[in-house]
Amino acid sequence: MRGFILSRLGQSALVLLVMSFVIYGLIGLMPGDPLDVMLASTPGVTAEGVARLRAIYGLDQPLMLRYFHWLVAALQGDFGYSRTHSVPVLEVLAPALVTTCRLMLISFVLAVTLSFLLGITAALRPGGWLDGVISLGAFAGISVPVFWLALMMILVFAVELHWLPASGADTVGDGSLLDRARHLVMPVATLALASTGGFTRFIRASMIETLRMDHIRTARARGNPPWRVVMVHALRNAMIPVLTVIALSFGSLFSGALLTETMFGQPGMGKLIYDAILANDFNLALSGLLFATLITLLANLAADLAYAWLDPRIKL
Amino acid sequence: MRFRLLRVACIAATLLATTIQVHARDTLTIGLSSFPTQFHPAADPEAVKSYIEGFALRPVTAFDATWHNTCLLCSELPSQDADTVEIEERPPGLPGMAVTVKLRGGLKWGDGVPVTTKDLAFTAKVGHDPQSGFANTRTWGKVESVEIIDDLTAIMHLDEVSSEFDRIDQLLPEHLEGPIYEKAGAVEYLHQSLYNRAPTTPGLWNGPFLLSQISNNNTVVLTPNPYWSGTKPQIQRIVLRAVENTASLLATLMAGDVDMTPGEGVGLSVDQALTLARTQPTKFDYVFRPSLGFDHIDLQLDNPILADVRVRRALLAAIDRPTITVKLFDGKFQLADSFVSPLEPIFDKGVEGISYDPSLARKLLAQAGWQKGPGGICHDAQGHRLTVEFRTSAGAKLRELMQQVIQSDWKKVCVETVIHNELPRALFGETLKKRIFTGAVMYAWSFPVQSSPRQIMGSDQVPTAENNYSGTNYPDWHSDVADQAIKTIETEIDPAKRQEAWQAIQRAYAEDLPSLPLFHRVEIHLIPRFLHGLVPTGHNDISVLWAEDWRMDP
């Protein structure tokens, strides 16, 4: 087990290295350079002024050289300064990472819990009216764009009913746990509902297949109560393919978080990375994307470990 | 006994009601569509940063709502009449200027330290240092040295004669930023500056409000500066909250979570504000303020078709601008004949514009050798089609609509248009910057009041690889009249001579049409009915510079 984990961590490091090179190169290929935005809004900048600013920000060096300098510093734990924020990258990333992880984890737990409840319920009577309702809801969840769902929620619960705040992370001057929780309700619900549809469909399909297997029939024949057959014998087997889907969904959960954060004014990683890319803030965009990659890689590692726990036949 | 109880209850109820009312109206919450990436006033100019910092950090001078230059931190504007400006000789034998700056007495930073000429000298020193990373060197780049006379009087020595000698930006607090600059050095200064490391430090701000709280990278709370010596602000707390999706911002406004959004380009989009004005006419006081935003179409003058001024004039005559402004902008955008706003004192009323006249357009095209041919498209004698590539920012909804209308208008006079829109980043970062467009590009620009048009019209401002792609004379317009006028505008300190130069360049522009003038934009301000005293300016020195005059109904 230890060897497997070390090997996977080594692979993850290699993936991160390759990703850093690819992302740096791709950002470098984008039109314009980091000074364009600044210069566009600064009348009267001379050619000398442009050259001076390029030299200050190191933009007069070739892209590969800049990447090499960044890599050497990053390996020593120095991710550099954010050009747009003028503070060390980690100081900008840390609070955003906390916001995004909080949003993602709560949404993730909610989505998985809901999906299991709905998926199993639907699988118990495939073709029944409850299965029909759940499937319809799941399809709706898959089909509805996140931004539309977010906007509808704001219009209903904030504009019309005034039950919840329309945006932001807390109320100035309050900031209590309850206040923060109220601000999280709509973003979490939006992100969770966006994932629940897909998860529910997978769990339903996997459970239906598992419930038809011989060992389930045997378990029933041995007189096990129905809840035990479903929750102990069937669910454990059905979870293995579902885990893969859930682990892989972390990436899309991240991109969903971008939309949700933007719509609900939550200052998270998604928006930060998006702005950094638009502003050509190399250090910030690169570090943000690498953290996002790292989260997805760790989620996949966790899924692999979960396989072994669920099915002892799987050797790591 | 019963009567006494009743009286106590009445008094308590009254007090409670008063308390509730006071609480309900001591805070003004403003929704913004973006949030600053940093708070150093001289780095990375961002409209939203100017908006937020306008409450807390005053420039020495600013143009007011009547578009006249006024003193905010000074006691009088430098002028020749007051003998506070003189031309002087600099060591290489070139002319420079000595500008006497007189600061207003009693001004203090938010920590109680007086604002003095030491701050002026320090800001000039940092701003003049090419390594400091100042993006905006408009004021300080030309200040060679500052001679301190006393705490409130100093002479700025400029390395050139500049007509903008009386425009002076914000000051930095020497007592706080000076030691940091000395210790960190110019290159590291911005990284170590308190504006970025601890922007809620009271001593960084000298306006009526202080940035007292910044949270979640989307909220700034302003509270009154106890050391502010001007009119005491009535508003006890201003909360500025960013909701970066404008649809969400609109919903947040409608939900009442924010009281207003600014009209200065950091709030709702123009179409959202117009829709709101139509659908909720009584919810806010809507102020439509003509602004310096100028919508126009740049033309590629290297293209032989567009190099012919008759074609350019025909293209302008073919656009039904009156209908566009009525249908798309509720008639609020003003038709433009000059690149200068009619509200500017330098606007030339004698400029002859070209009105909507399709028959004139056809006539001009015929004179240029273009005749209607197969498919209703003009052809020249060699059989070439009159096709113009037309670009604008993808995703700018109203501009894309306007583009489609113009395409249709041009089609009516037999000009074929190929639309090729790009994301702003590609359009401005590559296509315009490297001049790789072949036809027309529609966008808007906004410059400070009466600022030199060199960057957009000077023949030395055509972006090329040799000049590091600086300058925004994208059409590649070369005009001796314009170049001479720009030189006069920048260096002549006699206002009458400058006025003549402004007149000359506006007429040269209207005759040559290197770009097609479309509209002067308006700012749409949604002011809550309980708020008074907010006067939109329409230019870069925005309304918040006078926020101490804002009053809220109880």
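On a predicted model such as this, the values are computed, not experimentally measured, just so you know.
- Side-chain atoms of A:H85 come within 3.5 Å of backbone N or O of B:T37 as a donor-acceptor pair.
- With a threshold of 4.5 angstrom between heavy atoms, B:E422 does not approach chain A through any atom at all.
- No part of B:E490 comes within reach of chain A, as not one of its non-hydrogen atoms sits under 4.5 angstrom from that chain.
- Scanning residues 248-256 of chain B against chain A with a 4.5 Å non-hydrogen threshold yields B:S248, B:A251, B:T252, B:M254, B:A255, sorted by number.
- Only the side chain of A:E91 has a heavy atom closer than 4.5 Å to any heavy atom of chain B.
- Considering every non-hydrogen atom in both A:P267 and B:N218, the closest pair reads CD-ND2, 3.9 Å.
- Considering only heavy atoms from C-beta on, B:R241 comes within 4.5 Å of A:S167 through its side chain.
- Counting non-hydrogen atoms of other residues, nucleotides and ligands closer than 6.0 Å to CD1 of B:I436 gives a total above 12.
- Looking only at side-chain heavy atoms (C-beta outward), B:R197 and A:V87 come within less than 4.5 Å of each other.
- Contacts between B:V239 and chain A at a heavy-atom distance below 4.5 Å involve the side chain alone, from C-beta outward.
- When each of B:K434, B:R237, B:R454, B:Q192 is checked for heavy-atom pairs under 4.5 Å with chain A, B:R237 comes out on top.
- At least one donor-acceptor pair under 3.5 Å links the side chain of B:D257 to the backbone N or O of A:A166.
- In this structure, the side chains of A:M263 and B:V243 stay at 4.5 Å or more apart for every pair of heavy atoms.
- Atoms OH and CD, from A:Y274 and B:E244 in turn, are 10.0 Å apart once rounded to the nearest 0.5 Å.
- Atom CG in A:D275 sits 9.0 Å away from atom OG in B:S34 (nearest 0.5 Å).
- Using a 4.5 Å cut-off between heavy atoms, A:P165 touches chain B through backbone and side chain atoms alike.
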